[in-house]
Number of protein chains: 2
Amino acid sequence: MFDVFINYLKSKFILTDEQVTLIQSVCHLKKLRKRQYLLQEGDVWRFNAFVQKGLVRTYRVDDKGLEHIIQFSSENWWAGDRYSYLSETPARCNIDAIEESEIVLITKADYDMLLETIPALNTFARMLLERTFVAAQNRIHADISFTAEEKYHEFLKTHPTLINRVPQHMIASYLGLKPETLSRVRTKK
Amino acid sequence: MFDVFINYLKSKFILTDEQVTLIQSVCHLKKLRKRQYLLQEGDVWRFNAFVQKGLVRTYRVDDKGLEHIIQFSSENWWAGDRYSYLSETPARCNIDAIEESEIVLITKADYDMLLETIPALNTFARMLLERTFVAAQNRIHADISFTAEEKYHEFLKTHPTLINRVPQHMIASYLGLKPETLSRVRTKK
DNA sequence: AAAAAACATTGACATTTGTCAAGGAAAATT
DNA sequence: AATTTTCCTTGACAAATGTCAATGTTTTTT
């Protein structure tokens, strides 16, 4: 049931059988249909969420009703609204499924317990956060430096597997472009 | 000599006198003149750097020689190229002083030792990283969603103290705008 | 105090990107 | 298989932002 998740963890650091059992005991499986919300704006996000299968998006909606995609999370990635999680305030993000998905949820209390009990998980979690931050800074760099065309090619490089799974207008949203602009950028080359 | 740094740490968590002494024993003070490099592209970044006084910028230079500012770090903030630090590869960022500055440097080896020796520092470092990541995501959101004018007002809100210390063309660079555009945005209101 | 360098503003114009509307293709649903 | 919905593309035009050049100001250096 949590095989993908456990294998992911095992590929990152060493786990004893007891630790595996402990982790599994706090995991909850959530299945999402396409378009189903994992988190809706206004609710507090209280989990660590790992995508075992499928693809979800994290996005915000502005005053004009436009969606702006902050992140895609496919298999073996994490999803969530870290701000809501840390501050325990209502989320400004929505998360929903682009494809039918399978998510492993662990509550904050359980996750903190795991961090304390399993030192290797703690170390891994920090490394993951560090790398995630580096990726975020690279994206900022692209956002402030690149033209529409360069942004698109950067996306192809950094997310090669997503191109065929994510509708183009969502890639445009992620890049801060209008769908028409992305369409033109793509045909130009 | 490291008073500002030690007071910063003490304001974040409790430190014993021995821990203070230990920390001080691995700190190095670096004074920067205006425009002096703290890190130059191509060198490997090997430190944790805390700004005690002054103001530095982290930026990248593109093919056309244009500078794109990733981050400003003033008193009581950190600076560095985390990617270079983690991967021990040549930095793509430059860091230099906007004002005469005073930086506390701790090497990676010493910093890791501190993390292991002082559990409260470890916890604090993770919390700091988490909050920094949230801030980075908020900036991404602004970059992909806002108009030039909105970006500027967001900057006023999130960095109120920097407006009078950072030349406008650098704020423009941070926001991904041209200096002329920022100038026009400012006078329009 | 004078000279030099860096900085900000403005105008005229170019380019990029966005907007709106329409049509057709692809995918999901019935 | 038919229908509906979502998605992508295209054209004509609008708006936002960038480019270039000139000028005056401020700040830094000498």
Side-chain angles (χ1 to χ4, degrees), chain A residues 32-36 54-57 59 61-69 72 96-101 142-156 162-189, chain B residues 32-37 54-57 59 61-69 72 94 96-101 142-156 162-189:
Chain A
L32 297 175
R33 287 194 274 182
K34 216 172 156 168
R35 288 173 191 260
Q36 187 180 341
L55 176 56
V56 304
R57 72 212 249 252
Y59 63 98
V61 182
D62 69 19
D63 324 325
K64 289 160 196 151
L66 295 175
E67 297 173 351
H68 303 281
I69 298 182
F72 296 112
D96 65 17
I98 295 176
E99 300 172 358
E100 201 177 24
S101 301
D143 288 339
I144 66 174
S145 314
F146 291 176
T147 63
E149 193 168 339
E150 289 166 339
K151 285 174 189 173
Y152 176 63
H153 287 118
E154 176 72 9
F155 185 86
L156 291 184
L162 290 186
I163 312 149
N164 301 311
R165 296 172 66 183
V166 178
Q168 255 179 58
H169 71 273
M170 289 190 189
I171 297 180
S173 166
Y174 179 91
L175 297 176
L177 304 172
K178 297 294 153 182
E180 295 95 332
T181 301
L182 180 57
S183 171
R184 289 181 170 114
V185 158
R186 275 167 41 83
T187 58
K188 201 169 68 177
K189 182 64 192 307
Chain B
L32 297 175
R33 288 194 272 183
K34 215 171 158 169
R35 291 174 190 257
Q36 186 179 342
Y37 281 117
L55 176 56
V56 304
R57 71 211 250 252
Y59 63 99
V61 181
D62 69 20
D63 325 324
K64 289 160 197 151
L66 296 174
E67 298 174 351
H68 304 281
I69 298 183
F72 296 112
N94 300 273
D96 66 16
I98 295 175
E99 300 171 358
E100 201 177 20
S101 301
D143 287 339
I144 65 173
S145 313
F146 290 177
T147 64
E149 193 168 340
E150 289 166 339
K151 285 174 188 173
Y152 177 63
H153 288 117
E154 177 72 10
F155 185 85
L156 292 184
L162 290 186
I163 311 150
N164 301 312
R165 295 173 66 182
V166 178
Q168 254 178 57
H169 71 274
M170 290 191 188
I171 297 180
S173 166
Y174 179 90
L175 297 175
L177 304 172
K178 297 294 153 181
E180 295 94 331
T181 301
L182 180 58
S183 171
R184 289 181 169 113
V185 158
R186 275 167 42 83
T187 57
K188 200 169 68 177
K189 181 64 193 305

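None of the values given here were measured: they were computed from a predicted structure. Every chain is numbered from 1 and lettered A, B, ... according to where its sequence line falls, protein lines coming before strand lines.
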*Asks:* Using whole Å, report how far CG of Asp96(B) lies from P of dA6(C).
*Replies:*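 Going from Asp96(B) (CG) to dA6(C) (P), I get 13 Å.
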*Asks:* Find the distance Ile98(A):CD1 to dA27(C):P and express it as a whole number of Å.
*Replies:*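 So the CD1-P distance, Ile98(A) to dA27(C), works out to 16 Å.
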*Asks:* In whole angstroms, how far is the P atom of dT17(D) from the CG atom of Leu66(B)?
*Replies:*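 It works out to 18 Å between those atoms.
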*Asks:* Return the CD1 to OH distance between Ile163(B) and Tyr152(B), rounded to the nearest 0.5 Å.
*Replies:*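 Output value for this atom pair is 6.0 Å.
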*Asks:* Can you tell me the distance, in whole Å, between the NZ atom of Lys64(A) and the P atom of dG18(C)?
*Replies:*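 Spelled out: NZ on Lys64(A) to P on dG18(C) is 12 Å.
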*Asks:* Without swapping roles, check the side chain of Arg33(A) against the backbone of Ala97(A) for a donor-acceptor pair under 3.5 Å.
*Replies:*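 Here the side-chain-to-backbone pair does not exist.
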*Asks:* Scan nucleotides 5-15 of chain D nucleotide by nucleotide, 5' to 3', and note B when protein non-hydrogen atoms come under 4.0 Å of the base, S if they reach only the sugar-phosphate, - if neither.
*Replies:* -SSSSBBB---
*Asks:* To the nearest 0.5 Å, what is the distance between CZ (Phe146(B)) and NE2 (His153(B))?
*Replies:*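 Going from CZ on Phe146(B) over to NE2 on His153(B), the span is 12.0 Å.
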*Asks:* What closest approach, in Å, do Ile98(A) and Lys34(A) show between heavy atoms, and which atom pair accounts for it?
*Replies:*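 Looks like O-CG, 3.1 Å.
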*Asks:* Figure out the CG/P separation between Asp143(A) and dT17(D), and round it to whole Å.
*Replies:*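 After rounding, the reported distance stands at 15 Å.
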*Asks:* Compute the bend angle of the helix from dA1(C)-dT30(D) to dT30(C)-dA1(D) from the end axes (five pairs per end), rounded to 10°.
*Replies:*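 It comes to 60° between the two terminal axes.
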*Asks:* Return the value, rounded to whole Å, for the distance between atom NZ of Lys151(B) and atom P of dT17(C).
*Replies:*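 Those two atoms, NZ and P, are 12 Å apart.
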*Asks:* Before accepting this row, confirm whether a basic side-chain N of the pair Asp143(B)/Lys151(B) lies closer than 4.0 Å to the acidic partner's carboxylate O.
*Replies:*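 Salt bridge: no.
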*Asks:* Tell me which of Lys34(B) and Phe146(B) sits closer to the 5' end of DNA chain D, going by the nucleotide each one is nearest to.
*Replies:*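 By nearest-heavy-atom nucleotide position, the 5'-most residue is Phe146(B).
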*Asks:* May I ask you to decide if the ring planes of Phe155(B) and Phe72(B) are parallel, tilted or perpendicular, using 30° and 60° as cut-offs?
*Replies:*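 Phe155(B) vs Phe72(B) ring planes: perpendicular.
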*Asks:* Using only atom types and a distance under 3.5 Å, with no angle test, would you say the side chain of Ser145(A) pairs donor to acceptor with the backbone of Ala142(A)?
*Replies:*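 Side chain of Ser145(A) to backbone of Ala142(A), a donor-acceptor pair under 3.5 Å: no, none is there.
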*Asks:* Between Leu177(A) and Arg184(A), is there a side-chain heavy-atom distance shorter than 4.5 Å?
*Replies:*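 No, side chains not in contact.
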*Asks:* Enter the distance from Ile144(B):CD1 to Tyr174(A):OH here, rounded to the nearest 0.5 Å.
*Replies:*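 Answer rounded to 0.5 Å: 8.5 Å.
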*Asks:* For Gln36(A) and dA28(C), give me the distance from atom CD to atom C1', rounded to whole Å.
*Replies:*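 The distance from CD of Gln36(A) to C1' of dA28(C) comes to 17 Å, rounded to the nearest Å.
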*Asks:* Between Glu100(A) (CD) and dA28(C) (P), how many Å, whole number?
*Replies:*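 After rounding, the reported distance stands at 11 Å.
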